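Shown next, in structure tokens, is the structure this report addresses.
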Amino acid sequence: MATNGCEGRLKMIEELTTNAEQIQDEVLGEILRRNAGTEYLRGYLHGQTEKQLFKKNVPMVTYEDLKPYIDRIANGETSDILLAEPITGFFLSSGTSGGQPKLMPVTAEVANKWELFRGLYESPAMKHFGDINQAGKRLELMFARPEIETPSGLKAASVSTSIYNECNFRANLPKLYTSPVETIFCPDPNQGLYCQLLFGLIQRDEVVKVGSVFASTVLRGIKFLENHWQELCYDIKTGRLSDWITDSGCRNAASLVMKPNPEQADLIETICNCKSWEGIIRKLWPKARYIWCICTGIMRQYTTELEFYCRGLPLVSDLYACSEAICGMNLEPLCKPCDISYTFLPNMAYFEFLPVKNERDGSIEMKSNNEDTELVDLVNVKAGQCYELVVTTCAGLYRYKVGDVLMVSGFYNNAPQFQFVERKNVILSVDQEKTSETDLFKAVTEAKALLDPLGFILTEYTSYVDTSSAPGHYVLFWEIKGKEGTHCKELDPKIMVECCSRMEESLHYTYKIYRKRNIIAALEIRVVKQGSFEALMDYYVSKGTSLSQYKKPSCIKSEEAVKILDSRVIGKYFSSKSPL
Ligand code: AMP
């Protein structure tokens, strides 16, 4: 069922993957030719452009190392201290640095690469499902995130928000998508979501693809629908938008298309009224050919639930990319979520890989002699081996550690395919925010200071993400001891609620934005009785951890371990206000 445009793109993928080695050398050569004279690279290459010198002299870095340069650019210095091509703005990464979101330079070439990639990554799905651009519309849940203006006047926005702002995207929106632009940019995400579902339901016979970038957002949409379908049906029946939708953009957009449609409303009502919502997506959008969303990595936690709602429709996770670089795409859209691999595209950046080893307990740890470990080129990675991704891009990142750990699952032509293993150092994530052990420690330290004057000491803590209700939220287990015989029963609930709020205040920018927009629900502290963490340790030891090497996890992933603590909870407290 491939179409001409799609065939051309598939051919391009064949060529790119076949010539991976040569293309990688060309990409690096071009980056060095252009940028060897920048202040940053001059310090390592002295104006030279040889690959061997680059490999020998240019150090592996993290965002913290580049931050001084990026901050100087954001504050008004010319960008050629870091890269030769003028920068047009920044991408805001969902990772944080010192509590601030990371800024990644964007150039015209970066924008071109994204445009090319958007054409490419959908083509394997189009080969299977037909040209959905011709067949109908996409119901894609999209939410622009707030933009930041840097002191230099350059704008910083997430990758998706930047795409939603593009002229091309906006021009094609009415033809290809069910959501009007006003609903995407609505400042209140709940109003935006309501309207996007409404427009998707009104045009349900045209919808051929349902999804969002991340699985968590699709699930959030379904849960929201569970709570609002009666109201949505009423609006469709009467042709009137609910009064609580006060955003003028959304109201205007609705007034252009809404008219009373009792038949459609009745049909939707009958579908939503059924006892089980298994396969609801297919029932509501009968022409949908597949569900689109990333469901690997942190998003794995949502797959089982999502599969229930999309029963009968394939779940397609087709791209792997980050604000730093576009990486790869899934060439087998029909494979099971647990088997998804992304084939790297050698023209998107220069990719290198830092070998990492599998620890006995399944977690991944860097080799200790980090600096001595040689980085492996894209085409030389070994099947079955895990690596940390290191990128060099046309936008001023040189041997930059992205923080993702990947495992080589095979090769397509000469380009390796990777399974996403885990995000390094991230322990909690409900949506796209990334909370590290250090972020959590800092927040706990701030909050527990409230207990000290009252004669209580926090002796142990751990955490997990509770996604059993939507939106998900952070749960902290706290074991608290009373100084001088004070009993935990005497804990003042108001203080505990304050501890929850203090933790939220102390978490990073992205957490607070998401919390404010109800993408993350209120943080919860569960106080457990004395000895609970000993029981947790006994559990891990019974599973094979050596007692002498036992380290209490800052975050627990195993359901059994959560149950052990949950069965010992003596008090639950929630933050009562959203931070900021
Ligand atoms: P951001 O920089 O905010 O765009 O976030 C990019 C990060 O999201 C990546 O570094 C990954 O950790 C994660 N990510 C993106 N795509 C995928 C994917 N297909 N599977 C798993 N994680 C992903």
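Counting starts at 1 for both ligands and their atoms, in listed order. Only a predicted model underlies this, so the values are computations on that prediction, with no experimental measurement involved.
- Contacts of F420 with ligand 1, taken as heavy-atom pairs under 4.0 Å, involve the side chain alone.
- Summarising the contacts of atom 15 (C) of ligand 1 with A321, A215, S93, G297, the nearest heavy atom is found in A321.
- With no hydrogens or angles considered, no side-chain donor-acceptor pair links Y121 and N330 at under 3.5 Å.
- Under 4.0 Å from ligand 1, not a single heavy atom of V159 appears.
- Neither the backbone nor the side chain of F91 comes within 4.0 Å of ligand 1, counting heavy atoms alone.
- Side-chain contact annotation: N133 with E122, donor-acceptor N/O pair under 3.5 Å absent.
- Not a single N or O atom of Q432, backbone or side chain, sits closer than 3.5 Å to an N or O atom of ligand 1.
- Taking the salt bridge (charged side-chain N to carboxylate O under 4.0 Å, His left out) definition, one finds that E140 meets it with nothing, sequence neighbours left out.
- A heavy-atom separation below 4.0 Å is not found between V426 and ligand 1.
- Ligand 1 lies nowhere less than 4.0 angstrom from a heavy atom belonging to S317.
- When heavy-atom distances to ligand 1 are checked against a 4.0 Å cut-off, D404 comes that close only through its side chain, counted from C-beta outward.
- The backbone N or O of A415 sits nowhere less than 3.5 Å from a side-chain atom of E21 that would complete a donor-acceptor pair.
- Side-chain N or O atoms of Y387 include one that pairs as donor or acceptor with a backbone N or O of K382 at under 3.5 Å.
- Note on ligand 1: K434 sits in its first shell, one or more heavy atoms being nearer than 4.0 Å.
- Considering backbone and side-chain atoms alike, F214 places every N or O at 3.5 Å or more from each N or O of ligand 1.
- Of the candidates F351, F117, Y342, Y320 forms a ring pair (Phe, Tyr, Trp, His ring centres under 6.0 Å) with just one, namely Y342.
- Of the N and O atoms on the side chains of D439 and S436, at least one donor lies less than 3.5 Å from an acceptor on the other residue.
- Pairs passing the salt bridge (Lys or Arg N to Asp or Glu O under 4.0 Å) check and including a residue from residues 404-421, sequence neighbours excluded, read D404-R423.
- Those atoms of ligand 1 with a heavy atom of T296 less than 4.0 angstrom away are 18 (C), 19 (N), 20 (N), 21 (C).
- Between R423 and ligand 1, an N or O atom pair is found at a separation short of 3.5 Å.
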